[in-house]
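A short write-up of the structure that comes next.
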2 protein chains.
Amino acid sequence: MLSKKTKYGLKALTYLASQKENTPVQIAEISEKENISQKFLESILLSLRKSGFLGSKKGKGGGYYLIKYPKEILMTDVMRILEGPIAMVPCVSLNFYEKCDDCPDEATCSVNKLMLMVRDANLDVYRNNTLADLII
Amino acid sequence: MLSKKTKYGLKALTYLASQKENTPVQIAEISEKENISQKFLESILLSLRKSGFLGSKKGKGGGYYLIKYPKEILMTDVMRILEGPIAMVPCVSLNFYEKCDDCPDEATCSVNKLMLMVRDANLDVYRNNTLADLII
DNA sequence: TTATTATCCTATAGATTTAGTAGATTGATA
DNA sequence: TATCAATCTACTAAATCTATAGGATAATAA
């Protein structure tokens, strides 16, 4: 299952990307328009800012705004921040590799074999889609 | 993340599929060879039996065995039983469709659009792999 | 300088899911 | 009958998810 965090994060990014001008948009506006709990959205936008997708401005006229063009924001990067590793098991993860402690040999592991194919299929989707591609 | 249930279930199925003869194999043997908690494996094998992948036999010489050829066991079916829906959001699920209550229109939803592509990519993998393909 | 606005930050709480355990029961075999 | 192994029910511990609360900080405007 996709977490609500990821779902809300994607919706917020899309909302920002579809603004005519790239001026700050307040959390309150996004949360209202996209039906997202404001406090929860707050923490999501904060983490998106800390990972370099968003800029922010405090005080009146403040809010969040994209600091890259939607075309330059890859889904691989967004998903890794919001949802975590793209691989479903650490032993096939490119960025978060870890050996399974219960598995004696990856080369003969059926789970490894299947999840490697799944990872590649997912990567293919995320690498070939940017935030711009999600706007309808 | 892939649940341990799915991981263990896949390992158990592969273990059964790689037996020379299709005679019953005891839970204890599988749990030992694959490093799986026996009691947990018990419940996993039970659900695989109830969903028509395995047969079982009680008493001496009893155990679990495949009731189909590995070649005939599609990963789509296995994954749906062990892990649940293949889609990451209900609104793009083929077998477990549900409308999102917070989303006014699927046709203009960015999450829907992305997750539809992800679902198709995953389905493609699971549909084109059987249990036989996982044996190394 | 003061009031207002809106993000920033820490801590916490409730609900759900996951992973595993305990123990009694049922049925098959020798 | 004794033994073996699956079946079934119930329970628990831990982790994760989805928030919520409330104050701190910074920018702007009067």
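Each chain gets a letter, A, B and so on, in the order the sequences are listed, and its residues count up from 1. Please read all numbers here as calculations on a predicted model, not as lab measurements.
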Practice task
Look at atom OH of Tyr69(B) and say whether more than 12 heavy atoms of other residues, nucleotides or ligands are closer to it than 6.0 Å.
Solution key: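 No.
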Handout entry: Spacing of CG belonging to Leu114(A) relative to OH belonging to Tyr126(B), to within rounding of 0.5 Å
Key = 5.5 Å
Return the polar atom pairs (N/O with N/O) between nucleotides 27-30 of chain D and the protein under 3.5 Å, or none.
residue: dT28(D); atom: OP1; partner: Lys57(A); partner atom: NZ; Å: 3.3

Problem - Salt bridge Asp133(A)-Lys71(A), side-chain N to carboxylate O under 4.0 Å - result: no
Practice task
Would you mind telling me which of Cys100(A), Cys103(A), Cys91(A) makes a side chain to side chain contact (heavy atoms under 4.5 Å, CB included) with Cys109(A)?
Solution key: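 Single pass found, and it is Cys103(A).
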Practice task
Using side chain to side chain contact (heavy atoms under 4.5 Å, CB included) as the criterion, point out the one residue from Ile67(B), Val78(B), Leu134(B) that pairs with Ile73(B).
Solution key: Val78(B)
If you measure only the distance, is there a donor-acceptor pair under 3.5 Å linking the side chains of [X] and [Y]?
{"X": "Gln19(A)", "Y": "Tyr65(A)", "answer": "no"}
{"X": "Tyr15(A)", "Y": "Glu29(A)", "answer": "yes"}
{"X": "Ser3(B)", "Y": "Glu83(B)", "answer": "yes"}
{"X": "Thr130(B)", "Y": "Glu72(B)", "answer": "no"}

Completion exercise
Rounding to the nearest 10°, end axes of the helix from dT1(C)-dA30(D) to dA30(C)-dT1(D) built from five pairs each make an angle of 10°
Distance check needed: [N] [atom2] versus [X] [atom1], whole Å only.
{"X": "Gln26(B)", "N": "dC4(D)", "atom1": "CD", "atom2": "P", "value": "10 Å"}
{"X": "Ile27(B)", "N": "dC8(D)", "atom1": "CD1", "atom2": "C1'", "value": "12 Å"}
{"X": "Tyr65(B)", "N": "dA6(D)", "atom1": "OH", "atom2": "C1'", "value": "12 Å"}
{"X": "Leu48(A)", "N": "dT7(C)", "atom1": "CG", "atom2": "C1'", "value": "14 Å"}

Could you go over nucleotides 15-21 of chain D and give all protein N or O partners under 3.5 Å, atom names and distances?
residue: dT18(D); atom: OP1; partner: Lys4(A); partner atom: N; Å: 3.2
residue: dT18(D); atom: OP2; partner: Lys4(A); partner atom: N; Å: 3.2
residue: dA19(D); atom: OP2; partner: Tyr8(A); partner atom: OH; Å: 3.2
residue: dT20(D); atom: OP2; partner: Ser37(A); partner atom: OG; Å: 2.8

Problem - Shortest non-hydrogen contact from Ser51(B) toward Ile81(B) - result: OG-CG2, 3.4 Å
Practice task
Check every strand shown and say whether Leu45(B) touches a base, only sugar-phosphate, or nothing at a heavy-atom separation below 4.0 Å.
Solution key: nothing
Exercise for the section: Using a 4.0 Å heavy-atom cut-off across all strands, classify Lys50(A) as base, sugar-phosphate, or nothing. Expected result: sugar-phosphate
Handout entry: Any donor-acceptor pair under 3.5 Å from Arg119(A) side chain to Val92(A) backbone
Key =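 Checked: pair present.
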